[in-house]
Number of protein chains: 2
Amino acid sequence: MLDFVFSNATKIIFGRGTEMKTGQEISRYGKKVLLHYGGGSIKKSGLYDRIVESLRKAGVEAIELGGVMPNPRLSLVREGIELCRKHGIGSILAVGGGSVIDSAKAIGIGVPYTGDVWDFYSTGRKVEEMLPLGVVLTIPAAGSESSGGSVITNEDGLYKRSANSVNMRPKFAIMNPELTFTLPPYQTAVGAVDIMSHVMERYFTNVKNVDFTDRLCEATLKTMIVNTPIVLKEPDNYEARAEIMWASTIAHNDLLGTGRIGDWATHGIEHELSAIYDIAHGGGLAIMWPAWMKYVYKHDIERFAQFACRVWNVEPDFRNPEKTALEGIESLKGFFLSLGIPVTLTGAGIPSDRFEEMARKATEKGPLGNFVRLKKEDVEKIYRLAL
Amino acid sequence: MLDFVFSNATKIIFGRGTEMKTGQEISRYGKKVLLHYGGGSIKKSGLYDRIVESLRKAGVEAIELGGVMPNPRLSLVREGIELCRKHGIGSILAVGGGSVIDSAKAIGIGVPYTGDVWDFYSTGRKVEEMLPLGVVLTIPAAGSESSGGSVITNEDGLYKRSANSVNMRPKFAIMNPELTFTLPPYQTAVGAVDIMSHVMERYFTNVKNVDFTDRLCEATLKTMIVNTPIVLKEPDNYEARAEIMWASTIAHNDLLGTGRIGDWATHGIEHELSAIYDIAHGGGLAIMWPAWMKYVYKHDIERFAQFACRVWNVEPDFRNPEKTALEGIESLKGFFLSLGIPVTLTGAGIPSDRFEEMARKATEKGPLGNFVRLKKEDVEKIYRLAL
């Protein structure tokens, strides 16, 4: 286990009807808030009205900025920063999923910064300050509701880049599993892939003696494996939706990564996909994981065999650990398929003509990944393995 | 899963040599600190000198109060409160295990309170404020380094009572597994029992559909089962000591209890033991758990069977789940025995003559436990089962 520092102060307010506490919670950070959201779904569902009512009751004035798209765009972030500055807004309320929250974080770090907000994403400039951010979560997937990360796409060149800092954790996250009942099956499924991906990026590590966090990772993956098929069959199963929603936060609040070095190559490889093709992040991950695993598993067959046995209940074959390892990878692929999502680029209608460009962009800051360092040629091969 | 609110801002600073950061961390909360500790062990080990040096470098003045005993006493708490008031001390540094931290918490809530600090323990008075508290942890057991709990013994009648509040979480906890190398085998073993107890108190719940937290609990227990025998054989095995130390915090930082109602009867039953006989808390728990389990397992055989299979690798017998459940209880008892500690009152040299008194005191505020409500007669029977 490596030395680490861990703290996560995000206050989780979890359960039925908790969105009615939004006004009360956000009012601790000022009386003028940027209300940031995506498309029209929160208006159709009535959530928007309940939030506005809760803000009104708490005496909070809301300046609105909707229109966040999946793979949130830098241009809207810039618009949000201007809006906050113009109106003297001191806090942000993000109502939505990871895209809305990531966009809100970008606005929140951009407002007090005198330079260009893209600096934090392109140069890794350290984030010292962010406007207080509250979240009402509607999609369990990105884990952004208590993480210190934000991923933004710069339309100028279609670059998708991330910024990370403990100073970017939201102050609170309101999580009502009922709000996820109306998530369509595809979004539910790719959200589950996203959650599992956050665990697996941390799981595949070269750090030895990480028994406790290994087991916490495995517990989280098993929870997803059991509960995702349930919510696909019964979208309004509160209990299973609740398990997934809580797992989504723990998967990415940094607890599972304590004392370890995560890999994150698959995220890097996927980001180039969704930056160009606008496939859902989880959809891209479902395709890239089996390909990445097949490319790297020989680097640590024992870890992949443990993954197979403990997570997927594969019977261990100690005379042939490679077989055990491969059965685990096939189990993962089969599970993603069973969720009704494509697990190949061909299946997702993505052509092979831009692999070289994508691999180049993915590695332009250096090799990808920590478990196995991947150069441009490796990444290109992994895209091919995913065909 | 029940609705819940969860937040835990304690900053964990984990790893080799981290005690040298003490001065820097505590100086954020003022330049005059109460340095609170137990007996002479931190002086013998050299830890005391390193802490004092770190405080000096950070320009922090330390007023000392040592002498905390296991099952920390109210009289020393009162002394600490007077000391803080007299010297205008604004923060506390606890160097030690759960007893020292619990004593420090009691002092920290007592200083700003105009009434008698015992009110928080005897009447459940709500804690609104505590002096900022930093911890250098030397014993992984109580989980007090990031919990909001404190247990104090009032010598006047030998009452052992607890106070709990999110406002009682330490600001930071410095955790260097090397500091635990010198823990004697008995203290290591009963510390492990204490850690496992915090998980089991949460595990045995009547709340249904708690899949995720069940699995997190099981992961934590398995980590303890694997690593405790290692450190008993190899006291200076850094990796295994680190697993146990991190597990001790997670076991009691409230994460594992989210959305559940814990039981806590066994703690209540044990507190009467250690209040009178001054047996280590974990030593008492090792005796009371098997007895409590045998008394209550029929209330939910399925949960005990799950405990047996998932935690203790008992082969499930679906034609006879009771047999499976009982095998789990025997496995727990056998594990505690294998750690070299008594699992019966007789084995620990504790007589049966005060069972009635202990059962009366344990239930004087009403029945104990949530999984099964235990009246005085039940508690007395459980003491007898533990003979």
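Here is the naming used below: chain letters follow the sequence lines, and residue numbers restart at 1 for every chain.
Scanning for side-chain contact (heavy atoms from CB on, under 4.5 Å) contacts around Pro229(A) gives Phe335(A), with sequence neighbours left out. Take Leu221(A) and apply the side-chain contact (heavy atoms from CB on, under 4.5 Å) test, not counting sequence neighbours, and it matches Met196(A), Val199(A), Met200(A), Phe307(A), Val311(A).
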Cross-chain donor-acceptor list, chain B x chain A, under 3.5 angstrom:
residue	atom	partner	partner atom	Å
Met1(B)	N	Glu239(A)	OE1	2.6
Asp3(B)	OD1	Arg16(A)	N	3.3
Phe4(B)	N	Phe14(A)	O	2.9
Phe4(B)	O	Phe14(A)	N	2.8
Phe6(B)	N	Ile12(A)	O	2.9
Phe6(B)	O	Ile12(A)	N	2.8
Ile12(B)	N	Phe6(A)	O	2.8
Ile12(B)	O	Phe6(A)	N	2.9
Phe14(B)	N	Phe4(A)	O	2.8
Phe14(B)	O	Phe4(A)	N	2.9
Arg16(B)	N	Asp3(A)	OD1	3.3
Asp211(B)	N	Glu243(A)	OE2	2.7
Asp211(B)	OD2	Asn227(A)	ND2	2.9
Phe212(B)	N	Glu243(A)	OE1	2.8
Asn227(B)	ND2	Asp211(A)	OD2	3.0
Glu239(B)	OE1	Met1(A)	N	2.6
Glu243(B)	OE1	Phe212(A)	N	2.8
Glu243(B)	OE2	Asp211(A)	N	2.8
Trp246(B)	NE1	Thr258(A)	OG1	2.8
Thr258(B)	OG1	Trp246(A)	NE1	2.8

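In terms of heavy-atom proximity, Ala240(A) sits nearest to Val231(A) at CB-CG1, 3.5 Å. The minimum heavy-atom distance linking Val60(A) with Gly23(A) is given by the pair CG2-O, 4.2 Å.
In this structure, Met1(B) and Phe14(A) have side chains that are in contact, with non-hydrogen atoms separated by less than 4.5 Å. Residues Leu179(A) and Leu137(A) have side chains not in contact (no heavy-atom distance under 4.5 Å, counting atoms from C-beta outward). The shortest distance between side-chain heavy atoms of Met224(A) and Ile244(A) falls below 4.5 Å.
Residue contact with chain A, scored on non-hydrogen atoms closer than 4.5 Å, involves the side chain of Ile250(B) exclusively. Proximity to chain A is limited to the side chain of Val226(B), based on heavy atoms less than 4.5 angstrom apart.
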